[in-house]
Protein chains: 2
Amino acid sequence: MKPRLRQGVLPQLIGYRLRVAQQAVFRDFAESVGGLSPGRAGMLLLIEANPGVPQGRLAEAVKLDRSTMVGVVDSLEDRGLIERRRGTDRRTNGLWLTRSGRVLAGRLRRRIERHEGRVAARLSASERAQLIALLEKLGQ
Amino acid sequence: MKPRLRQGVLPQLIGYRLRVAQQAVFRDFAESVGGLSPGRAGMLLLIEANPGVPQGRLAEAVKLDRSTMVGVVDSLEDRGLIERRRGTDRRTNGLWLTRSGRVLAGRLRRRIERHEGRVAARLSASERAQLIALLEKLGQ
DNA sequence: TATTGTTATACTCTATAACTATA
DNA sequence: TATAGTTATAGAGTATAACAATA
């Protein structure tokens, strides 16, 4: 019979609501997609959509330091999902999906679609569109 | 003259938009509030609103493992912001703000208000209300 | 000189399992 | 027995600074 905690101003803050919503969505992602974290899964899909992208450009796109990207790319490469290939500018590594990376990317897209359906089930179609538009105004 | 990266399905996913928006909001928080991370600041405000809350209840409220909460409480205590006091049920630690914790909480509230203003500046008042309502439907 | 990737290092945030003290 | 807090340990995820290869 514990009284609920007083929340103070928190529930009226955009940042707080974002954090709580994201935690809920991430939990569903882990359950219904699994295998890769949302961030890593997103990178795999970005590489799929941009074959040969230099890893520095990918780091820039997802706002990671390029030294951080080294470990991320290492782990995807260790799992046999992508490979580095020396670029024309020989300082760069182009990133390419392997065959099994392509297979996983396809499976991820299907599972993410299902996950998205579960998350969006709490919203009407127009609410979902509205939410995405509003989030787009914040992000960047 | 680098072409922008193709984003594929990502921009249409609620989880992706949440993540990007949250990163942007967090960067602004770090700039305009500073001192404590959004999560730690939120905890300080929760303790302020619930003086004497047992640390396990706080952990439950913010969905952290109670072993994780130990370190969080340690760090806030080391910074002189809160103190543990043995509860009536002598297994529990009630959490209380110190004087300087109360001072910081007040300052945080003012700075967070300013931060919220900056974040919400991109939205109309009704868009902001709408966003919070939509996020509330997702979180939980 | 500037850029790309790498290494060494460290910090934050989180969890699981086993322990202590109290109920 | 069960619960609250703790410890030891580990794993993500991230950054900064210095370095080598290449432009």
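In the text below, chain A, chain B and the rest are named by the order of the sequence lines, each starting its count at 1.
Distance, B:Met69 CE to C:dT14 P: 9 Å, rounded to whole Å. Regarding A:Arg84, its CZ atom lies at a distance of 9 Å from the C1' atom of C:dT6, rounded to whole Å. As rounded to whole Å, 20 Å separates atom P of C:dT20 from atom CG of B:Asp89. Rounded to whole Å, the distance from CD on B:Glu77 to C1' on D:dT6 is 13 Å. In this structure, the CG atom of B:Asn93 is 8 Å from the C1' atom of D:dA4, given to the nearest Å. Per the geometry, CG belonging to B:Leu58 stands 14 Å off C1' belonging to D:dA4, to the nearest Å. The interatomic distance linking A:Arg27 (CZ) with C:dA15 (C1') rounds to 14 Å, in whole Å.
Ion pairing between B:Arg109 and B:Glu48 holds under the 4.0 Å rule for side-chain N and carboxylate O. Taking the charged nitrogens against the carboxylate oxygens, A:Lys137 and B:Glu127 do have a contact shorter than 4.0 Å, which makes a salt bridge. Salt bridge annotation for A:Glu60-A:Arg66: absent, with no cationic side-chain nitrogen under 4.0 angstrom from a carboxylate oxygen. Under the 4.0 Å criterion applied to side-chain N and carboxylate O atoms, A:Asp28 and A:Arg114 are not assigned as salt-bridge partners. Salt bridge present: A:Arg85 and A:Glu83 bring a charged side-chain N and a carboxylate O closer than 4.0 Å. Ion pair A:Arg84/A:Asp74 flagged as a salt bridge, since at least one NZ, NE, NH1 or NH2 atom sits closer than 4.0 Å to an Asp/Glu carboxylate oxygen.
With B:Leu58 as reference, B:Leu46 is the one residue of B:Leu46, B:Val72, B:Asn93, B:Leu64 to meet the side chain to side chain contact (heavy atoms under 4.5 Å, CB included) rule.
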**Q.** Footprint string (nucleotides 9-17 of chain D, 5' to 3'): B base within contact, S backbone only, - free, heavy atoms under 4.0 Å
**A.** ----SSBBB
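Side-chain N/O atoms of A:Arg90 include one lying less than 4.0 angstrom from OP1 or OP2 on D:dA23. For A:Arg66, no side-chain nitrogen or oxygen approaches OP1 or OP2 of C:dT7 to under 4.0 Å. Distances shorter than 4.0 Å separate none of the side-chain N or O atoms of A:Arg57 from OP1 or OP2 on C:dG5. One finds no side-chain N or O of B:Arg86 lying less than 4.0 angstrom from the OP1 or OP2 phosphate oxygen of D:dA4.
The listed nucleotides are D:dA2, C:dT3, D:dG5; the one nearest the side chain of A:Arg91 is C:dT3.
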